Colleague: 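Quick one: the structure is below, questions incoming.
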Amino acid sequence: MVKTKRVVIVGIPGVGKTTVVTEVFNQLQQKNLKIENLTFGTIMFEEAQKLGISNRDEMRKLSVDEQKNLQIKAAQTIAQINTDVVLIDTHLFIKTNSGYLPGLPKDILDYLLPTNLVLVEAKPQDILNRRANDPTRTRDSATINSIELDNQIARSMLSSSGVLTGASVFITINQEGKSEEAAKSIADFII
Ligand code: ATP
Ligand code: MG
């Protein structure tokens with residue numbers, strides 16, 4: 001591939017991003033592309049551990065300034081990777097005690113320089129069920145109404161990210177039991 005595709009994949013917590021992105025990675029690998037599969041939160045957590053944070057879900061409780069510093073450090077690390085495809089699994093916003101903190105503010109986008117932006121969506125009830133069935137993570141409490149609002153905010157932040165970067169924008173639905181189909185739609189969008 002001549003130019004690195006920098007694909008930022010977003011969606012609200014528990015929608016199934018990491019599941020779908022892992023499948024996108026597998027599907028693209030079969031096409032002999034050199035791919036990096038990165039979880040923004042994991043790279044931020046590696047920086048947070050240096051500050052003594054021992055659980056990744058504790059990062060949301062840090063001050064906004066501390067979280068922003070961690071975001072910048074993670075984005076700088078990711079900016080140095082130039083494989084054929086860089087998959088970046090991240091969030092459009094983080095719900096903090098001080099409101100919605102954008103996950104892709106302009107300074108972060110300026111480092112990441114995405115070529116493609118993908119929003120993974122699912123029905124609010126499916127998202128609630130997936131969160132309830134995933135004991136590996138600590139989730140904030142939510143209702144169908146709060147998830148509907150989060151879905152709306154996600155779409156508006158997605159549009160802003162597209163306008164700021166000029167990246168192509170794509171929305172896919174991760175239907176129950178159909179993460180492979182969602183992954184295929186993303187792989188088709190990228191290549
Ligand atoms: P976070 O933002 O918190 O990292 P996420 O969007 O990456 O969450 P995952 O960890 O991929 O979400 O998925 C959350 C849960 O939903 C997992 O238990 C996963 O197995 C399940 N899941 C993902 N996609 C589907 C699907 N299409 N059908 C059924 N279950 C799914
Ligand atoms: Mg995830």
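Model, not experiment: these values are computed from the prediction. By convention here, the first residue in the shown sequence is residue 1. When a ligand or atom number is given, it counts from 1 through the structure's own listing order.
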Colleague: Please list the nearest protein heavy atom to atom 10 (O) of ligand 1 with its residue and the distance rounded to 0.1 Å.
Modeller: D134 OD2, 4.1 Å

Colleague: Could you tell me whether D57 and R139 have a side-chain N and a carboxylate O separated by less than 4.0 Å?
Modeller: no

Colleague: Check each of V24, V7, N37 against V85 using the side-chain contact (heavy atoms from CB on, under 4.5 Å) test, and report the only one that passes.
Modeller: V7

Colleague: Of all the heavy-atom pairs spanning Y111 and A75, show the shortest one and how long it is.
Modeller: CB-CB, 3.8 Å

Colleague: Considering only heavy atoms, does H91 approach ligand 1 within less than 4.0 Å through its side chain, its backbone, both, or neither?
Modeller: side chain

Colleague: Is it the case that N26 and Q30 place a side-chain donor and acceptor less than 3.5 Å from each other?
Modeller: no

Colleague: How many protein N, O or S atoms are found at a distance of less than 2.8 Å from the Mg ion (ligand 2)?
Modeller: 1

Colleague: Could you check whether D134 pairs with R130 (Lys NZ or Arg NE/NH1/NH2 to Asp/Glu carboxylate O, under 4.0 Å)?
Modeller: no

Colleague: Using a strict 4.0 Å cut-off to heavy atoms of G177, name the atoms of ligand 1 that fall inside it.
Modeller: 26 (C), 27 (N), 28 (N), 29 (C)

Colleague: Counting only heavy atoms not in K95 (residues, nucleotides, ligands), do more than 12 fall under 6.0 Å from its NZ?
Modeller: yes

Colleague: To the nearest 0.1 Å, how far is atom 8 (O) of ligand 1 from its closest protein heavy atom, and which atom is that?
Modeller: G14 N, 3.0 Å

Colleague: Look at atom 21 (C) of ligand 1 and find which of R139, R137, R130, E180 reaches it with the closest heavy atom.
Modeller: R130

Colleague: Could you list which atoms of ligand 1 come closer than 4.0 Å to a heavy atom of K17?
Modeller: 1 (P), 2 (O), 5 (P), 6 (O), 7 (O), 8 (O), 11 (O), 12 (O)

Colleague: Identify, by atom number and element, the atoms of ligand 1 in contact range of S179, meaning under 4.0 Å from any of its heavy atoms.
Modeller: 27 (N)

Colleague: If you measure every N or O of Q175 against every N or O of ligand 1, does any of those distances drop under 3.5 Å?
Modeller: yes

Colleague: Would you call the rings of Y100 and F93 parallel, tilted or perpendicular, where under 30° means parallel and over 60° means perpendicular?
Modeller: perpendicular

Colleague: Judged by non-hydrogen atoms, does N174 sit under 4.0 Å from ligand 1?
Modeller: yes

Colleague: Within ligand 1, which atoms have a heavy atom of K178 less than 4.0 Å away?
Modeller: 27 (N)

Colleague: Restricting to non-hydrogen atoms, name the atom on M59 and the atom on G41 that form the minimum distance, rounded to 0.1 Å.
Modeller: CE-O, 3.5 Å

Colleague: How far is atom 23 (C) of ligand 1 from the closest protein heavy atom, and which atom is that?
Modeller: T19 OG1, 3.4 Å

Colleague: I need the nearest protein heavy-atom contact for atom 29 (C) of ligand 1: residue, atom name and distance, please.
Modeller: E176 OE2, 3.3 Å

Colleague: Below 4.0 angstrom, N of the basic side chain to O of the carboxylate: do E58 and K61 qualify?
Modeller: no

Colleague: Does one side chain, of S185 or T172, offer a donor that lies under 3.5 Å from an acceptor on the other?
Modeller: yes

Colleague: Is it the case that D89 and T18 place a side-chain donor and acceptor less than 3.5 Å from each other?
Modeller: yes

Colleague: Can you tell me if G11 has a non-hydrogen atom under 4.0 Å from ligand 1?
Modeller: no

Colleague: Less than 4.0 angstrom from a charged side-chain N to a carboxylate O is my criterion; do E23 and K184 meet it?
Modeller: no

